[in-house]
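What follows is one structure encoded as structure tokens, with my remarks underneath.
Keep in mind that this is a model prediction, so the values were computed, not measured. Every number for a ligand or one of its atoms is a count from 1 in the order of the listing.
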Amino acid sequence: MIVRNVLALAGDGIGPEVLLATRRVMDWFQSTGRAKFNVSEGLIGGASYDAHQTPLTDETVARAKAADAVLFACIGGPKWDQLPYDVRPEKGLLRLRKEMGLFANLRPAIVMDALASASSLKTDLVRGLDIMIVRELIGGIYFGEPRGVEQLADGTRRGYNTQAYSTAEILRIAHVAFELARKRGKRVCSVDKANVMESGLVWREEITKLRNSTYPDVELSHMYVDNCAMQLVRTPKQFDVIVTDNLFGDILSDLASMLTGSLGMLPSASLGAIGADGRQPALYEPVHGSAPDIAGKGIANPLAMVLSLAMMLRYSFSLGKDADLLERAVQNVLSAGVRTGDIAEPGQIPIGTTAMADAVIAELTRLAK
Ligand code: NAD
């Protein structure tokens with residue numbers, strides 16, 4: 001059996017707790033002979049700063065690049081809020097994404113039946129929701145040059161950033177979206193602001209050309225980002241795959257995540273280009289932050305990270321059946337009313353991080369019989 005090398009980065013706050021829970025689920029897959037992992041751990045964020053005065057060391061970057069996949073929890077916290085920007089915990093994650101060339105961020109927004117009532121929208125609008133948001137992650141306005149703050153002659157200041165996308169950057173993210181759509185509902189909605197931005201116009205034209213030349217079997221529609229935000233809360237089930245740039249994707253994916261009810265449930269994957277050796281850089285992480293308010297209490301919901309593991313099984317290791325099994329186990333546990341505090345409904349007694357991992361493992365064992 002292939003040994004999969006995984007670098008696990010716990011980071012800060014609740015990171016070590018949710019990673020521990022997830023590693024126990026990985027152990028179940030190993031002990032039942034379904035997969036073989038060689039897991040090593042490293043530091044990132046505040047934990048790395050405390051040890052090495054940098055949120056990410058070159059050594060950790062090298063280990064991440066050499067791994068088959070990186071499993072990352074979360075970084076940040078008040079302890080490091082006063083540090084200069086270039087050594088803040090967040091810088092560690094941004095650098096890791098850039099160094100690994102992770103240009104495609106996949107954020108599923110799936111509403112599990114048992115949690116449909118936790119959504120801020122009416123239950124019938126979200127029941128059965130299954131959207132995949134594909135966000136460009138290492139280009140656009142967050143990285144564009146020139147950028148800066150300039151002092152003006154009148155003593156005031158001017159801050160500026162640059163939004164720019166090249167054909168190559170657009171095509172590589174579009175390929176990811178079209179390929180995903182082929183395995184789902186065969187529909188892609190591309191989101192831009194082509195009515196007022198030249199970068200949006202190029203985005204729209206390049207994606208249309210690619211669809212016509214290579215993906216005629218996939219339906220392509222275009223939407224302005226302001227309309228998309230409205231449509232996501234009006235009739236979210238109209239979407240299958242949404243592809244968009246870094247800035248719009250940042251905002252829309254957070255918006256879509258709230259349709260599903262809880263931050264503690266949301267996984268994500270970030271993928272790079274497939275290399276000549278057939279390997280694809282990949283990092284899997286929950287959407288939530290380090291939750292300093294509950295860190296160390298043993299009450300964090302580990303399911304976002306457990307579901308990130310399911311994405312890792314599916315996208316990095318081609319273990320789709322095992323990913324399905326894990327997702328089904330999570331659904332069944334929730335349907336049985338097992339809840340951590342963040343997703344507990346009135347009358348449900350919340351359990352802790354370890355007990356939630358135990359419940360998922362027990363359900364995996366039952367399903368696998
Ligand atoms: P957060 O996601 O950490 O927490 C928001 C709220 O959701 C909190 O009340 C928290 O207790 C709760 N929550 C989050 N995850 C949970 C879980 N798994 N189980 C139960 N409850 C959960 O966001 P924040 O409070 O805005 O940020 C806290 C720190 O995390 C900051 O330093 C921020 O910069 C950092 N952050 C990191 C990432 C990341 O690592 N990718 C993402 C967002 C924020």
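More than 12 non-hydrogen atoms from other residues, nucleotides or ligands lie less than 6.0 angstrom from CD of Glu145. Within a 6.0 Å radius of CD in Glu41, other residues, nucleotides and ligands contribute more than 12 heavy atoms. Atom OH of Tyr85 sits in a sparse spot, with 12 or fewer heavy atoms from other residues, nucleotides or ligands closer than 6.0 Å.
Within a 4.0 Å radius of atom 30 (O) of ligand 1, the protein contributes at least one heavy atom. Within a 4.0 Å radius of atom 3 (O) of ligand 1, the protein contributes at least one heavy atom. Counting only heavy atoms, the protein never gets under 4.0 Å from atom 25 (O) of ligand 1.
Using a 30° and 60° split on the angle between ring planes, Tyr215 and His175 fall in the perpendicular class, above 60°.
For atom 18 (N) of ligand 1, the closest non-hydrogen atom on the protein side is Asn301 O, 3.0 Å. From the protein, the heavy atom lying nearest to atom 16 (C) of ligand 1 is Ile14 CD1, 4.0 Å.
Numbered from 1 in the order shown, with element, the atoms of ligand 1 that lie under 4.0 Å from a heavy atom of Gly76 read 32 (O). Within the listing of ligand 1, atoms 41 (N) sit less than 4.0 angstrom from a heavy atom of Leu93. Less than 4.0 angstrom separates some heavy atom of Cys74 from each of these atoms of ligand 1: 40 (O). Set against the non-hydrogen atoms of Glu90, the atoms of ligand 1 under 4.0 Å away are 34 (O). Within ligand 1, counting atoms from 1 as listed, the ones closer than 4.0 Å to a heavy atom of Ala300 are 19 (N). Near Leu263, with a cut-off below 4.0 Å to any heavy atom, the atoms of ligand 1 are 2 (O), 5 (C), 7 (O). Counting atoms of ligand 1 from 1 in the listed order, those under 4.0 Å from a heavy atom of Ile294 are 11 (O), 20 (C), 21 (N). Atoms of ligand 1 lying under 4.0 Å from any heavy atom of Gly77, numbered from 1 in the order shown and given with element: 32 (O).
Under the 4.0 Å criterion applied to side-chain N and carboxylate O atoms, Arg184 and Asp240 are assigned as salt-bridge partners. A salt bridge does not link Lys237 with Asp124: none of the charged nitrogens is closer than 4.0 Å to a carboxylate oxygen. At a threshold of 4.0 Å, the pair Glu219-Arg187 does not count as salt-bridged, since none of the basic side-chain nitrogens sits closer than that to a carboxylate oxygen.
In this structure a side-chain-to-backbone donor-acceptor pair under 3.5 Å is present from Arg211 to Val218. A donor-acceptor pair under 3.5 Å is formed between the side chain of Arg88 and the backbone N or O of Asp81.
Considering backbone and side-chain N/O of Gly289, one or more are found under 3.5 Å from N/O of ligand 1. Close N/O approach between Ile75 and ligand 1 is found [any backbone or side-chain N/O within under 3.5 Å].
Taking each of Asp293, Thr340, Val287, Asp81 in turn, the one with a heavy atom nearest to atom 10 (C) of ligand 1 proves to be Asp293. Heavy-atom proximity to atom 13 (N) of ligand 1, evaluated over Ala291, Pro292, Ala295, is greatest for Ala291. Of the listed residues (Met356, Glu285, Lys297), the one carrying the non-hydrogen atom nearest atom 41 (N) of ligand 1 is Glu285.
A side-chain N or O of Arg135 and one of Asn246 form a donor-acceptor pair less than 3.5 Å apart.
Phe248 places none of its side-chain heavy atoms less than 4.5 Å from the side chain of Cys228.
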